[in-house]
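Step one of this worksheet: look at the structure below.
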Amino acid sequence: MGESRSGMRQAVPAELSSFIGRERELTALASLLATERLVTLTGPAGIGKTRLAVRTVRALGDREGLDTVWAELAALPEWCWDGLGAELAGRLAGREALLVLDGCEQLGEAGARLAAELLRRLPGLRILATSQRRLRLAGEAVLAVPPLSVPVTHSLQPLPAAVHAVPGHAAPDLTRRFPVADVAGYAAVRLFEERARGADPFFELTDRNAGAVAALCQALDGIPGALELAAGRSHQYAPAQALRRLGSDPLAFLAGGAGRSTRADAERSLRLASPAERLLWERLSVFAGSFDRAAVAEVCGFGSLTPDTAVEALLRLAPGLLADAGQGRYRLPLSVRAYAARRLAHGPAGDGATTARRHRERCRVVAERAARLWRAGAQREARALALRELPELRAAMNPLAAGGPGAALEIAVSLWFLWSACGMVAEGRRHVERALAVHPAPRPARALWLAAWLVAGFGEPDGADPLLVEAWTEAVHEGEDTCLAYLAHLRGTIALWEHRYQDAAAEYRDGLELLPSDPEFGPGREALRAAHTLALARTHPASVPAEDDPPDDPADPWARSWLSCAHALVQRHEGRPALARTELLRALRTQFGLDDTLGQAFSVELLAELEADQGRYAEAARLLGAVSRTRPRAAPAPRAQHAVRTRLTPQAFRAAYTCGARTPLRELLPELAG
């Protein structure tokens, strides 16, 4: 079929490279084309709409002899638009055919008018459109093309021989080794690997680079066009180098190459957008992760773009955005966001600064709302909210951005529970220490307390001494009794892990005396009371009041999990191991739900003591191995370890301990399943 008089391609393009993934989309699109006259593939630039259309119509043509005309609209000059309908109608008159309008968004509203006119005039015609926008015609069937599947990098498991990463949700350490098997099955990784081999025949996915490849695929949102551009540079950069260059300048890294550049894609997308849509698109670049309508109205709805018009523009742009997890949430791909951010920075004076300020204020409010949920006992909801908004909160905790280190520390302190009770110690410590490093003296007592807790309470008490002294001094100066109480709690926690139970009980008691009845931040009275009870259970178990019927809905589930550990110690002391085990499993269910790795380590070590009491030394060794990576590094060896070592041969202990270290804890404790 060749080209038309206007220079527009009318033959189905050849497939110049292998087709990877999209099995579900291929099936869904073929099914829609069998029943609908107008089908629109939507998604952002580079998502693979054209490749999916090519593969589908070629497969249908081979199988069913489908008569197809391909109209490539991306580079069609505007002077050709008026005659396009007549040209296509003449070519398709009297035929049972499928017309593919590829890049329909380039025609703006004219694209919808073209499709409507052709469907009206040609009853035997079906149309498949690829577009970053819906055509919004009656009878239109829309199939949103998703990104390729990508590994979630924080869930990757390091190889046993590697130094284990601190659990959490931060990006992985790319110097560590990850099993290829953990990432090789994902479509984005398969695409990157194959295209990288095309650019560099010596490229190979290995345990050494698998984590970097996975992180690169995640950073590029699983968008095939961006992945192909990155893979095409594998002869220049190793995956870890590529990831660093991508982070420093996404536009420069993704510009050019064999395919279309990110900038060209973005400029074509904006060419026919309304002024409100272009302005919103630029302001959306302040969002590092996903956003919903309320967030867009709150952050972007000011000046000439009111909250209502911002939401209206968002709904028009939505088909060209990534649909994120959760209904009604969207996200800008990294490459598009980088280009939009550059436009925002060079836009009207003050617009970028105002958008950034409104974004940070929203993050402060979100962090406070999550903290209030935690204090109200809705702790899983608090964790879910903080994790969902974490990309935004991370951006807002940049101490060099508008608001400075004081604003960054305010958000970090509100999120104390995420760092300390939800397994994200390492990331929280980075945020707090980075902001404290540039904060002028005097530094705020609350932030110093949190920094000391994240350092000392989780494994490095000696390194926290200067922070403890400074935090105490500033708390006294500011009259922060709450901080003084939490510093006593911290000293008690250090003593607890060091098996100095008398000292721990005394510190916790002091903390409870200092703590206001309703503290406005931090762990709260229930947590300090649980810690004090836990220390008493080691020193004076008879003084711990019995609790035969624990509440089903405690006011502070996290604190309640630590209280369960205290009651388990009492049950063990009284010779009731079955009840003690029940208490510890109750604690672990909460700790797993919150991802409280420190609590899990403490509870499991107590379980190991119970197993050793019953003569099940190999089981105890496996449990100790399972939490060996999450307990404080500077803490003495677990109390059960000496007893287990004396009852097992060195070889048997090592084998059981290593087995536990390599086995998910839930597999060792089947009672926790579900």
### Beyond-backbone contact of R51 with E15, side-chain heavy atoms, under 4.5 angstrom
yes

### Query
Under the salt bridge (charged side-chain N to carboxylate O under 4.0 Å, His left out) test, which residues partner D221, sequence neighbours left out?
R331

### Query
Of all residues at least two apart in sequence or in a different chain, which pass the side chain to side chain contact (heavy atoms under 4.5 Å, CB included) check with P638?
E605, L624, R631, Q641

### Message
Given 3.5 Å as the limit, does a donor-acceptor pair link the side chain of S564 with the main chain of A587, or not?
### Response
no

### Message
Please check this pair: side chain of S31 against backbone of T27, looking for a donor-acceptor N/O pair closer than 3.5 Å.
### Response
no

### R329 (side chain) donor-acceptor with S290 (main chain) under 3.5 angstrom
yes

## Note on the structure
Hits for salt bridge (charged side-chain N to carboxylate O under 4.0 Å, His left out) against E392, two or more places apart or cross-chain, chain-then-number order -> none

### Query
Any idea how H359 and F287 line up, ring-wise: parallel (<30°), tilted (30 to 60°), or perpendicular (>60°)?
perpendicular

### Query
For A144, does its backbone N or O pair with a side-chain atom of K49 as donor and acceptor, under 3.5 Å?
no

### Query
CD of E619 to CG of L607: how many Å apart, nearest 0.5 Å?
12.0 Å

### Query
Checking side-chain contact (heavy atoms from CB on, under 4.5 Å) for the pair R662/T658: CA distance, chi angles, key distance, verdict?
CA-CA 6 Å; R662 294 177 176 176; T658 303; 3.8 Å; yes

### Message
Before you tell me yes or no, could you show the steps for L610 and Q614 under side-chain contact (heavy atoms from CB on, under 4.5 Å), namely the whole-Å CA-CA distance, both residues' side-chain angles and the distance that decides it to 0.1 Å?
### Response
CA-CA 6 Å; L610 288 177; Q614 303 299 311; 5.7 Å; no

### Interatomic distance, Q600 atom CD to L584 atom CG [nearest 0.5 angstrom]
13.0 Å

### Query
So, D556 versus Q379: side-chain donor-acceptor pair below 3.5 Å or not?
yes

### Message
Working to the nearest 0.5 angstrom, can you tell me the gap between T130 OG1 and L52 CG?
### Response
10.0 Å

### Message
Run the side chain to side chain donor-acceptor pair (under 3.5 Å) test on T42 and Q132 for me, step by step, so that the C-alpha distance in whole Å, both residues' side-chain angles and the decisive distance to 0.1 Å come before the verdict.
### Response
CA-CA 5 Å; T42 62; Q132 293 182 42; over 6 Å; no

### Task
Measure from the side-chain N and O atoms of S285 to the backbone N and O of R337, and report whether any donor-acceptor pair falls under 3.5 Å.
no

### Beyond-backbone contact of Y330 with V296, side-chain heavy atoms, under 4.5 angstrom
no

### Task
For the pair R645 (side chain) and F653 (backbone), establish whether a donor and an acceptor sit closer than 3.5 Å, ignoring hydrogens and angles.
no

### Exercise: do R560 and T590 side chains pair donor with acceptor under 3.5 Å
no

### Task
Measure across F203 and P239 and return the closest heavy-atom pair with its distance rounded to 0.1 Å.
CE1-CG, 4.0 Å

### Message
Measuring from atom CG of L243 to atom CD of Q218, what distance do you get when rounded to the nearest 0.5 angstrom?
### Response
10.0 Å

### Pair R245, Y237: side-chain N/O donor-acceptor within cut-off below 3.5 Å
yes

### Residues forming a salt bridge (charged side-chain N to carboxylate O under 4.0 Å, His left out) with E611, sequence neighbours excluded
R581, R616

### Side-chain touch P319/V142, heavy atoms, less than 4.5 angstrom
no

### Query
By ring-ring contact (aromatic ring centres under 6.0 Å, His included), which residues pair with Y617, not counting sequence neighbours?
none

## Note on the structure
Here the salt bridge (charged side-chain N to carboxylate O under 4.0 Å, His left out) pairs for residues 16-26, sequence neighbours left out, are none

### Task
Output all residues satisfying side chain to side chain contact (heavy atoms under 4.5 Å, CB included) with T663, sequence neighbours left out; order by chain, then residue number.
C659, E667, L668

### Query
Is there a donor-acceptor pair under 3.5 Å between the side chain of S234 and the backbone N or O of A231?
yes

### Message
Taking atom CZ as the centre, does R293 end up with more than 12 heavy-atom neighbours from other residues, nucleotides or ligands that are less than 6.0 angstrom away?
### Response
no

### Message
Could you work out, with ring-ring contact (aromatic ring centres under 6.0 Å, His included) as the rule, every residue matching F417, not counting sequence neighbours?
### Response
W374

### Summary
Separation between OG1 (T56) and CG (L29), nearest 0.5 Å, reads 4.0 Å

#### Entry: Test salt bridge (charged side-chain N to carboxylate O under 4.0 Å, His left out) applied to R647 - qualifying residues, sequence neighbours left out
none

### Message
List the residues meeting side chain to side chain contact (heavy atoms under 4.5 Å, CB included) with A367, not counting sequence neighbours, and say none if there are none.
### Response
L393, I411, S414, L415

#### Entry: Side-chain donor/acceptor of N209 to backbone N/O of A212, under 3.5 Å
no

### Message
Whether the side chain of W419 engages the backbone of A412 through a donor-acceptor N/O pair (distance < 3.5 Å, no angle test) should be reported.
### Response
yes

### Task
Report yes if the side chains of Q236 and D200 come closer than 4.5 Å at any heavy-atom pair, otherwise no.
no

### Task
Would you indicate whether the side-chain heavy atoms of P44 and V336 approach each other to under 4.5 Å?
no

### Query
What are the two closest heavy atoms between L623 and V604, and how far apart are they?
O-CG1, 3.5 Å

### Message
Test side-chain contact (heavy atoms from CB on, under 4.5 Å) on E228 and L191; report intermediate values, then the result.
### Response
CA-CA 8 Å; E228 290 185 335; L191 177 72; 4.0 Å; yes

### Task
With sequence neighbours excluded, give me every ring-ring contact (aromatic ring centres under 6.0 Å, His included) pair touching residues 588-611.
W497-F602, W562-F602

### Message
Between R586 and E583 (salt bridge meaning N to carboxylate O under 4.0 Å), is one present in this structure?
### Response
yes

### Query
Does E389 reach the main-chain N or O of A386 with its side chain, forming a donor-acceptor pair under 3.5 Å?
no

### Query
Between atom CD1 of I223 and atom CG of L322, what is the distance when rounded to the nearest 0.5 Å?
4.5 Å

### Query
Taking the side chain as C-beta and beyond, is there a heavy-atom pair between D595 and R383 under 4.5 Å?
yes

### Query
What is the minimum heavy-atom distance between L450 and V413, and which atoms define it?
CD2-CA, 3.8 Å

### E433: side-chain hydrogen bond (donor to acceptor under 3.5 Å, both in side chains) partners, not counting sequence neighbours
R429

### Query
Would you say the side chain of M424 lies within less than 4.5 Å of the side chain of L387, judging by non-hydrogen atoms?
yes

